[in-house]
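Have a look at the structure below before the remarks.
Since the structure is predicted, the reported quantities are computational estimates derived from the model, not experimental observations. Counting begins at 1 with the first residue of the sequence. Every number for a ligand or one of its atoms is a count from 1 in the order of the listing.
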Amino acid sequence: MREHPALRLHVPEPTGRPGCATDFSFLQISGAGTVRKPPVDTSHFETADLAYALIGVLDRDGQAVGPWAPQIDGTQLRRGLRAMMKTRIFDARMTIAQRQRKTSFYMQCLGEEAIAVAQGMALAKGDMHFPTYRQQGLLLSRDDVSMVELICQLMSNEADPMKGRQLPVMYSFKRADFFSISGNLATQYPQAVGWAMASAIKGDTRIASAWIGDGATAESDFHTALTFAHVYRAPVILNVVNNQWAISSFQAIAGGESTTFAARGVGCGIASLRVDGNDFLAVYAASQWAAERARSNQGPTLIEWVTYRAGAHSTSDDPSKYRPADDWERFPLGDPIERLKAHLIVLGIWSEQEHGQVHKELEAEVAAAQKEAEGHGSLLDGHIPSAATIFEDVYETMPEHLRRQRQELGV
Ligand SMILES: Cc1ncc(C[n+]2csc(CCOP(=O)(O)OP(=O)(O)O)c2C)c(N)n1
């Protein structure tokens, strides 16, 4: 006779599927302003509760409340809102450009704009970002990278700074502290830690910011990065953007069920926070806190940003096949742009009318940039970089066998 019932393998499933609404109670949302803010020299032990809570600043009425409400002036807030709007408009237009076959591929960050934009603003020039393909807000919130350059990369045209070698969206802008994006998930995470270690070895003051999605935390590189960051107290912010989905896989199957990604940091000896990623002010404040820790040699901070991937994974994806169509509308943390907009209206430094006006201006700006970029060609018209360039930069100087291959191609 058997003493125990038969074993059963547990396979996590999302509560919502097409035609069946998601139960978002698993998110465990604390109210805005209710989570304490420790001093930056806190130990990882003392952040254990913060890794399971949810830090928020903006309440339902658009007021900034609680200990995490940052010192940020109206000019910066307006800049932030504008950058988020620009990012969304850019994404929408580039998605259409893909449908028109002017570019082969695109990935939008719809619903996640606050995270990259606010952290980009909270860090200093010279701090190095190791992004994934969904942090275009870091570039679109700056003035020194033109949209024309970005669009040329997307169109793989004759002015593409990547010379047509990379899949669209895989930008690289050294001058903008934006590390080359790699298609291989998670590889940038230990690289960011190594860069931060190098900054410390050199006695520099710059810090690194590592970026990863919830799905990619399941890669071994994630664990390697946390170990090295903890051991050497590397000056790095370890961002985990939990947008609930990795293509069609719900975050539970990446290890998020009944726990949080922030908790992983605590287990590795790293101070960790779980933050409302759709709350621009919370993102700004938590990023500042983590940056201050890193810059004052207190070591790394892991931050899980809770958000929602509102759009398709990419232009190759159809989310209606695996999740409810109205999921984003029902997501309890709302829309980051609408929330910051409401706050600025409460402060009296923005209005519906100005919002509409700025929206129009930004649409015109993106359209003009697209027109200029298309002047250098698009995938549709075949104005692409010369085939001769595909042999360059494989090594610093071209070896004999590559020279021969180039000659064989006759270019
Ligand atoms: C090593 C590796 N495995 C698989 C893939 C294919 N892939 C590309 S994106 C993606 C999902 C990543 O999800 P997540 O990390 O949650 O980020 P998100 O796309 O949601 O921003 C996968 C599996 C890849 N690019 N690299």
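Residues Q119 and W305 meet the side-chain proximity criterion, which asks for heavy atoms closer than 4.5 Å.
Listed by first and then second residue, the side-chain hydrogen bond (donor to acceptor under 3.5 Å, both in side chains) pairs involving residues 37-56 are R36-D49, T42-E46, S43-E46 (not counting sequence neighbours).
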For residues 355-363, tabulate all N or O donor-acceptor pairs below 3.5 Å that involve a side-chain atom, not counting sequence neighbours.
residue	atom	partner	partner atom	Å
H355	ND1	W350	NE1	3.0
E361	OE1	R82	NH2	3.3

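Checking each of N278, D276, N243 against T307 for a side-chain hydrogen bond (donor to acceptor under 3.5 Å, both in side chains) leaves exactly one that passes, namely N278.
The aromatic rings of Y171 and F178 lie perpendicular to each other, with more than 60° between the two planes, well past the 30° mark.
For K202, there are no side chain to side chain donor-acceptor pair (under 3.5 Å) partners two or more places apart in sequence or in a different chain.
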Atom pairs, nitrogen or oxygen, ligand 1 to protein, under 3.5 angstrom:
residue	atom	partner	partner atom	Å
ligand 1	15 (O)	G215	N	3.4
ligand 1	15 (O)	A216	N	2.9
ligand 1	16 (O)	D214	N	3.4
ligand 1	16 (O)	D214	OD1	3.4
ligand 1	16 (O)	G215	N	2.8
ligand 1	16 (O)	W245	O	3.2
ligand 1	17 (O)	Y133	OH	3.4
ligand 1	19 (O)	Y133	OH	2.6
ligand 1	19 (O)	R134	NH2	2.8
ligand 1	19 (O)	H313	ND1	3.3
ligand 1	20 (O)	N243	OD1	3.1
ligand 1	20 (O)	N243	ND2	2.9
ligand 1	20 (O)	W245	O	2.7
ligand 1	21 (O)	R134	NE	2.8
ligand 1	21 (O)	N243	ND2	3.3
ligand 1	25 (N)	G183	O	2.7
ligand 1	26 (N)	L185	N	3.2

